[in-house]
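Everything quoted here is computed from the prediction, not taken from an experiment.
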Amino acid sequence: MSAQEQVQPLWKPGRTLLEQSNLKKYMDWLFVKKGLYFRSYHDLWEWSVTDLEDFWESLWHYFNIKSHDLYLEVLQYPQSGMIGTKWFTRAKLNYAEHIFKNKTKDRPAILFQSEGTELTEISWESLEKEVAAVATWLRQRGVRPGDRVAAVLPNIPQTVVAFLATNAVGAVWSSCSPDFGKPAISERFSQIEPKVLFIADGYLYNGKKYDITSFAQELSAALPSVKDTVLINYIDVEIKPERFTSWEDILHLQNFGLEFEPVAFDHPIWILYSSGTTARPKAITHGVGGCLIEHLKALTLHQNVKPGDRYFWYSTTGWMMWNYALGSMLCGATLVLYDGAPAYPSSQVLWTLAEKARITHFGGGAAYFISSMKNGVSITSERLSSLETIGSTGSPLPSDVYEWIYKQVKKDVWLISLSGGTDVCSAFVGGCPILPVYAGEIQCRMLGCRIESFDENGKPVSDELGEMVITQPMPSMPIYFWNDEHHEKYLESYFEMYPNTWRHGDWIKITDRKSVIIYGRSDATLNRGGVRIGTAEIYRAVESIPDVKDSLAVYLEKSNGEGTISLFVVLYKDKSLTDELKSQIKDVLRSQYSPRHVPDTIEQVDDIPYTINGKKMEAPMKRILMGQDPSKVINIDTMRNPESLKAFV
């Protein structure tokens, strides 16, 4: 028996989940409708990535997707590669229309809480009225299918209303969080030339109000394509720009109900942006149908979201998880929103929300759960009686955090670690309700995602560290990048290393039991003596030391083919990097992993550079330390903490 087989799972699905999960119901449906029987999830996955047309067509019928025109072909391949793949040709549909299929008086559509307000409910009736009013106004102002609508809004119900109205009229949505740097927002929206801009008068964070009305005027003036700017009164600033349209005035418009504009399957739904850490952010454009069918699949089958559930993911409107969480409404769930800092007035605030709002599915970035563990958050699982799943994404979740969740949060919760990204507005690997959870491992490759681990020769490997690739198209892959007529940016982003094969930029291992371990970004991977080391391993070990608050590891190549690992650590207050602590760090890495993991140098810094979306900026720091011009390597407006650069520059 191998060591891997001896490891005990932290969680196993109970009989109810095994027999009544959405995934099991789908497998039963496949047997009844198509005569397809699968003994295990892995057999089902193999079919889903081998018979692509049959699989995606089965989802179309299983989810009863409404099309205003019959589709001709499920899948139409381009002459070469994946770019230009067509799905469900001639179909006409609408994402928002599928959300409103779940309208009911039995439960609220949205629950909302912020730093400044108590938990409030928004009914489906109220949501529909507001969306109808905003959609009517958009049509009156000349917004047509394909026009862009931009938003600089916090994570509030009005943002959901504005998106649904935009989608209802067939326009294209694009949003930035108001805490983005001003140049970063301008740089993104100037690429897509929006016709309408929705913007709040300010936002709340860490107990403070931030007035952005002056920026609202600057941004509106700086975007010549914008014909109308709508101001949402959120923090009650005293002086409001007179030439802006008031959100409240729009809501009082007389209308004849909510109408949905059917659009082609590959009509753009929203434009998301790459982090822009090294160059101008890429405007990644997704299709309506691709996101619709992918979100139904991912949330229904892989997270078991059901009608009446309450779905929460802590996010800003600038992270793709905001868009993904909206998809829970497709499944009949109530969407739970929170606006503000995740640790104000205390680290308990979101966990208290989970109890108060009776959240079924609670999600956040891996950094949030690491912080909760390190801050000693105290949770009584009895208070979380409604909680069925905890979701984590953004970066690899360390094994000790898995164990903390099961020991300190809730012993029978299903922990779902996801990994995907802005690129597909979903996940490639994630949860499975009929498989166990092992510490540090993602349960499975998701249905319809042909994920492989490639070695340096471009050959698939098993139970070995390799480059994560996707070898078959998915409906939610970008339809194109905005202003990338010949797909040069698209090709450069994913297809440079392996022609016709999507390289995602992560080091992964597909284990013998078909689970997945992610080791960090491959473009920031450490390479010691030909052995590739994921940065997540370094962080997992180093940040387990009580004095260490955060860390960043960088591999610096030399001209002779050798290289060095430099480790930068942030210590807790009043701690300093002594020789004893350096020795402790090296000993921990040596004992937990190998001598190859031990850094050549260890330095103390005040802070580690992060993107606004909470990702460590490994590759840009590597380039700066290799001597490249910082101004050409990084855009500080995409950073959460630009002052942290000083130590590296």
Side-chain angles (χ1 to χ4, degrees), residues 22 26 29-30 33-34 36 44-45 47-102 145-146 167-173 260-272 284-302 323-324 326-327 329-331 420 423-428 446-450 470-481 487 490 502:
N22 291 332
Y26 169 62
W29 181 88
L30 285 172
K33 297 291 185 178
K34 290 180 167 287
L36 294 169
L44 174 66
W45 177 83
W47 168 73
S48 77
V49 295
T50 304
D51 295 336
L52 282 186
E53 291 189 46
D54 285 350
F55 167 67
W56 290 105
E57 188 173 37
S58 77
L59 294 185
W60 180 282
H61 295 299
Y62 182 73
F63 291 122
N64 192 26
I65 290 176
K66 179 182 178 181
S67 177
H68 295 258
D69 274 330
L70 296 175
Y71 60 84
L72 288 177
E73 294 177 278
V74 174
L75 177 56
Q76 188 182 91
Y77 285 101
Q79 290 185 342
S80 64
M82 294 187 199
I83 299 175
T85 302
K86 298 285 186 182
W87 297 88
F88 296 97
T89 58
R90 210 180 76 171
K92 292 242 172 113
L93 35 66
N94 188 280
Y95 190 98
E97 183 175 19
H98 284 79
I99 283 179
F100 278 98
K101 280 166 64 175
N102 296 295
N167 186 257
V169 304
V172 187
W173 174 260
F260 302 101
E261 183 74 31
V263 293
F265 191 90
D266 60 356
H267 182 87
I269 181 172
W270 47 52
I271 299 168
L272 307 178
I284 301 171
T285 310
H286 292 285
V288 171
C291 287
L292 172 64
I293 199 167
E294 171 61 33
H295 288 175
L296 282 166
K297 179 208 75 177
L299 288 151
T300 304
L301 304 183
H302 289 278
N323 307 69
Y324 180 83
L326 274 175
M329 300 178 81
L330 295 169
C331 312
D423 322 85
V424 289
C425 200
S426 184
F428 296 115
M446 287 171 63
L447 296 174
C449 304
R450 172 65 87 175
I470 300 93
T471 60
Q472 294 277 15
M474 293 168 55
S476 64
M477 285 176 172
I479 49 175
Y480 46 73
F481 287 7
H487 301 307
Y490 200 157
W502 176 301

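A distance-only check finds no donor-acceptor pair linking the side chain of D423 to the backbone of P478 [under 3.5 Å]. Within the 3.5 Å criterion, the main-chain N or O of K92 finds no donor-acceptor partner in the side chain of D69. Panel note: side chain H98, backbone I65; no donor-acceptor pair is recorded below 3.5 Å. Side-chain atoms of N94 never come within 3.5 Å of backbone atoms of G170 as a donor-acceptor pair (strictly under, hydrogens ignored).
E261 is linked by a salt bridge (Lys or Arg N to Asp or Glu O under 4.0 Å) to nothing, counting only residues two or more places apart in sequence or in another chain. Partners of Y480 by ring-ring contact (aromatic ring centres under 6.0 Å, His included), not counting sequence neighbours: none found. With sequence neighbours left out, H68 forms a side chain to side chain donor-acceptor pair (under 3.5 Å) with E97. With sequence neighbours excluded, no residue forms a side chain to side chain donor-acceptor pair (under 3.5 Å) with W87. For the side-chain contact (heavy atoms from CB on, under 4.5 Å) test, residues two or more places apart in sequence or in another chain that qualify with K33 are W29. The side-chain contact (heavy atoms from CB on, under 4.5 Å) search around N22 returns T300, L301, N304, K306, not counting sequence neighbours. Listed by chain and residue number, V143, V149, T166, V169 satisfy the side-chain contact (heavy atoms from CB on, under 4.5 Å) test with A171 (two or more places apart in sequence, or in another chain). Applying the side-chain contact (heavy atoms from CB on, under 4.5 Å) rule to S67 yields the partners W60, A91; only residues at least two apart in sequence or on another chain are considered. Listed by chain and number, the residues in a ring-ring contact (aromatic ring centres under 6.0 Å, His included) with W45 amount to none (sequence neighbours excluded).
Between M329 atom CE and N102 atom CG the span is 8.5 Å, to the nearest 0.5 Å. Here C291 contributes atom SG and L272 contributes atom CG; the two are 7.5 Å apart, rounded to the nearest 0.5 Å. L93 contributes atom CG, which lies 6.5 Å from atom CZ of F265 (distance to the nearest 0.5 angstrom). Distance check: F481 CZ to T285 OG1 gives 8.5 Å after rounding to the nearest 0.5 Å. To the nearest 0.5 angstrom, C331 atom SG is 5.0 Å from L299 atom CG. Rounded to the nearest 0.5 Å, atoms CD1 (I293) and OG (S476) are 10.0 Å apart.
Shortest non-hydrogen contact noted between H267 and I479 is C-CD1, 4.3 Å. Minimum heavy-atom separation, Y26 to S58: OH-OG, 2.7 Å. Residues G448 and M474 approach most closely at O-CG, 3.6 Å, considering heavy atoms. Residue N323 comes nearest to C425 through the heavy atom pair CB-SG, 3.7 Å, listed as atom of the first residue, atom of the second, then distance. A pairwise comparison of heavy atoms in N64 and K101 identifies O-NZ, 3.0 Å as the closest pair.
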Please list, one pair per line, the donor and acceptor atoms closer than 3.5 Å that link side chains of residues 76-86 to other protein atoms, with sequence neighbours excluded.
unit_1, atom_1, unit_2, atom_2, d
Q76, NE2, E73, OE1, 2.6
T85, OG1, M82, O, 2.5
K86, NZ, D266, OD2, 2.8

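Using bins of under 30°, 30° to 60° and over 60° for the plane-to-plane angle, the ring pair F100/F260 lands in the tilted bin.
For residues 50-65, the set of pairs meeting the salt bridge (charged side-chain N to carboxylate O under 4.0 Å, His left out) definition, not counting sequence neighbours, is empty. Sorted by first and then second residue, the pairs that involve residues 284-300 and meet salt bridge (charged side-chain N to carboxylate O under 4.0 Å, His left out), not counting sequence neighbours, are E294-K297.
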Would you please test F88 and V74 for side-chain contact (heavy atoms from CB on, under 4.5 Å) and show each step? CA-CA 4 Å; F88 296 97; V74 174; 3.9 Å; yes
Take W47 and L36 through the test side-chain contact (heavy atoms from CB on, under 4.5 Å) and record every step on the way to the result. CA-CA 10 Å; W47 168 73; L36 294 169; 3.6 Å; yes
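Note: Y324 and H295 meet the aromatic proximity criterion, with ring centroids under 6.0 Å apart. When ring centroids are compared, Y95 and W270 come within the 6.0 Å threshold.
I470 has its side chain out of reach of V424: every pair of non-hydrogen atoms, C-beta onward, lies at least 4.5 Å apart. Two residues are said to be in side-chain contact when any heavy atoms from C-beta on lie closer than 4.5 Å; L447 and F55 meet this criterion.
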